[in-house]
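What you see is a predicted model, and the numbers here were worked out from it, not measured in a lab. The figures that follow rest on heavy atoms only: side chains count, while hydrogens, waters and symmetry mates do not. Residue numbers begin at 1 in each chain, while the letters A, B, ... track the order of the sequences.
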2 protein chains.
Amino acid sequence: MIKKEEIQSKILQAAQEVFTKYGYGKTTMDDIAKAMGKGKSTIYYYFTSKEDIFKAVVEKEFLLMKTTILTEIAAKEDPREQLKIYVVERMHGLKRLKDLYHILRTEFIAHHEFVEQFRQQTDQEEINIVTGILNTGVERNIFYLEDTFLTSIAIVTALKGMEIPLLITETDGDSLLEQRLDRLLDVLFFGIIKR
Amino acid sequence: MIKKEEIQSKILQAAQEVFTKYGYGKTTMDDIAKAMGKGKSTIYYYFTSKEDIFKAVVEKEFLLMKTTILTEIAAKEDPREQLKIYVVERMHGLKRLKDLYHILRTEFIAHHEFVEQFRQQTDQEEINIVTGILNTGVERNIFYLEDTFLTSIAIVTALKGMEIPLLITETDGDSLLEQRLDRLLDVLFFGIIKR
DNA sequence: TAATTTTGGACCGTTTTAGTCTAATAGTCG
DNA sequence: CGACTATTAGACTAAAACGGTCCAAAATTA
């Protein structure tokens with residue numbers, strides 16, 4: 001019974017591959033089936049519809065991004081470092097999920113109920129993460145903030161609205177990345193977070 | 001009556017856009033029509049079928065590559081320079097037309113008669129270009145060759161067979177490009193062309 | 001204005017699509 | 001092994017999308 005999730009994961013992997021390749025409308029169920037080397041009935045044994053699969057792909061990827069962020073954050077002590085990691089991982093995640101995002105914004109927008117609910121949910125989760133970091137910082141007298149919740153909303157919204165992934169290239173060395181991030185954080189949050 | 005070719009060119013441009021985006025099988029005539037902002041009948045007024053349009057796109061692009069090469073070559077005197085230009089432009093052309101090439105090799109291969117005939121024709125034209133360059137070089141005692149025709153075939157075939165576009169990146173400066181090309185020509189044609 | 005070119009979009013027969021059904025196979029466990 | 005369940009391929013269906021046609025209207029030209 002351990003295989004069940006393995007196969008499900010394989011389907012999602014194959015689906016993500018063809019979705020990002022063809023877009024939502026242009027991919028057929030047979031495309032997905034072929035990409036994973038199995039028949040269509042295998043897919044329908046685990047999922048109820050194409051829509052269902054796409055939603056699962058999106059949720060899987062964003063869950064992965066969230067857990068990655070949380071794990072990395074947990075490994076750091078200093079809230080300043082934690083905030084930096086949140087920004088870095090958020091940017092890398094956005095870059096990796098660019099195609100899925102694009103489908104959500106353009107093709108899948110017809111399913112507004114899902115898109116809207118998903119957006120709200122992920123926003124809420126991210127705000128919670130950042131609020132947690134900020135609260136710790138305030139407790140330890142590292143950040144001096146009047147309202148950590150409102151500040152979190154500002155940070156999350158700022159990161160969403162800006163095409164920040166473009167600022168960081170894959171060939172950037174670590175040191176360059178560090179410099180840019182420090183500058184970025186200064187620009188973004190100067191006056192909100194004083195250190 | 002001058003507009004006629006303009007519209008035809010617009011159709012081909014839109015078609016190329018969606019063909020390289022979706023591939024041959026996944027693009028619909030409505031996709032093309034939508035991409036150029038006109039109805040389907042406009043397309044069928046100028047072209048007879050989807051197949052017809054794709055062939056026209058391919059032929060247009062390869063004609064462009066050919067005339068570009070010929071123009072650049074005509075601007076140079078030294079056959080060594082001309083040969084170098086041929087290699088450079090051929091590489092850049094291949095890189096730009098990567099998607100079309102891929103469709104030809106994978107999806108359009110069912111129309112073997114067209115693909116094969118087109119391949120032979122373009123090969124022939126390229127061999128003629130290179131033969132012209134080599135002949136001039138021999139006449140001026142710059143190249144010492146026994147058979148310019150066979151040498152041309154060797155050069156054209158070598159360029160086709162190798163994934164040469166990968167050797168040159170867009171960020172290469174001119175001097176680096178020059179160095180690499182000299183090295184490449186040495187490796188490719190050492191023993192065939194002595195200077 | 002009259003003739004001609006160009007266009008949108010309804011339309012048609014055919015193919016492809018998402019999704020269903022079934023019968024066969026693979027895997028599990030006593 | 002043998003009874004049971006989980007998994008699978010692929011035939012099938014109704015609906016949608018497809019390439020391509022057609023024609024009346026609009027735009028252009030003369």
Please report, rounded to the nearest Å, how far the [atom2] atom of [N] is from the [atom1] atom of [X].
{"X": "Lys40(B)", "N": "dG9(C)", "atom1": "NZ", "atom2": "P", "answer": "12 Å"}
{"X": "Asp52(A)", "N": "dG19(C)", "atom1": "CG", "atom2": "P", "answer": "9 Å"}
{"X": "Lys26(B)", "N": "dC18(D)", "atom1": "NZ", "atom2": "P", "answer": "10 Å"}
{"X": "Tyr45(B)", "N": "dA26(D)", "atom1": "OH", "atom2": "P", "answer": "18 Å"}
{"X": "Ile43(A)", "N": "dG10(D)", "atom1": "CD1", "atom2": "C1'", "answer": "13 Å"}
{"X": "Phe54(A)", "N": "dA18(C)", "atom1": "CZ", "atom2": "C1'", "answer": "17 Å"}
{"X": "Phe47(B)", "N": "dG19(D)", "atom1": "CZ", "atom2": "P", "answer": "16 Å"}
{"X": "Met29(B)", "N": "dC22(D)", "atom1": "CE", "atom2": "P", "answer": "15 Å"}

Discussion item. Students often get this wrong, so: under 4.0 angstrom with heavy atoms, is Ser41(A) touching a base, only sugar-phosphate, or nothing?
Written reply: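 Base contact.
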Discussion item. Using the side-chain heavy atoms of Thr42(A), tell me which of these nucleotides is nearest: dA9(D), dG8(C), dG20(D).
Written reply: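 Nearest listed nucleotide: dA9(D).
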Worksheet item: Between dG19(C), dG20(D), dT7(C), which nucleotide gets closest to the side-chain atoms of Lys50(B)?
Response: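 The listed nucleotide nearest to Lys50(B)'s side chain is dG20(D).
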Discussion item. Does a side-chain N or O of Thr48(A) approach OP1 or OP2 of dG19(C) to a distance below 4.0 Å, or not?
Written reply: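 No, no such contact exists.
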Worksheet item: Is any side-chain N or O of Tyr44(A) closer than 4.0 Å to OP1 or OP2 of dT7(D)?
Response: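 Result: no.
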Practice prompt. State plainly whether the residues Glu77(B) and Arg140(B) are in salt-bridge range, i.e. N to O under 4.0 Å.
Written response: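 Yes, Glu77(B) and Arg140(B) are salt-bridged.
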Discussion item. So if I apply the side chain to side chain donor-acceptor pair (under 3.5 Å) rule between Gln121(B) and each of Glu125(B), Gln117(B), Gln124(B), which one comes out positive?
Written reply: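 Exactly one pass, corresponding to Glu125(B).
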Worksheet item: Pick one: which of Ile69(B), Thr68(B), Leu63(B) meets side chain to side chain contact (heavy atoms under 4.5 Å, CB included) with Met65(B)?
Response: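 Of Ile69(B), Thr68(B), Leu63(B), side chain to side chain contact (heavy atoms under 4.5 Å, CB included) with Met65(B) is met by Ile69(B) alone.
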Worksheet entry | Sub-4.5 Å side-chain heavy-atom contact between Tyr24(A) and Thr106(A) |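 Side chain of Tyr24(A) against side chain of Thr106(A), heavy atoms only: no contact under 4.5 Å found.
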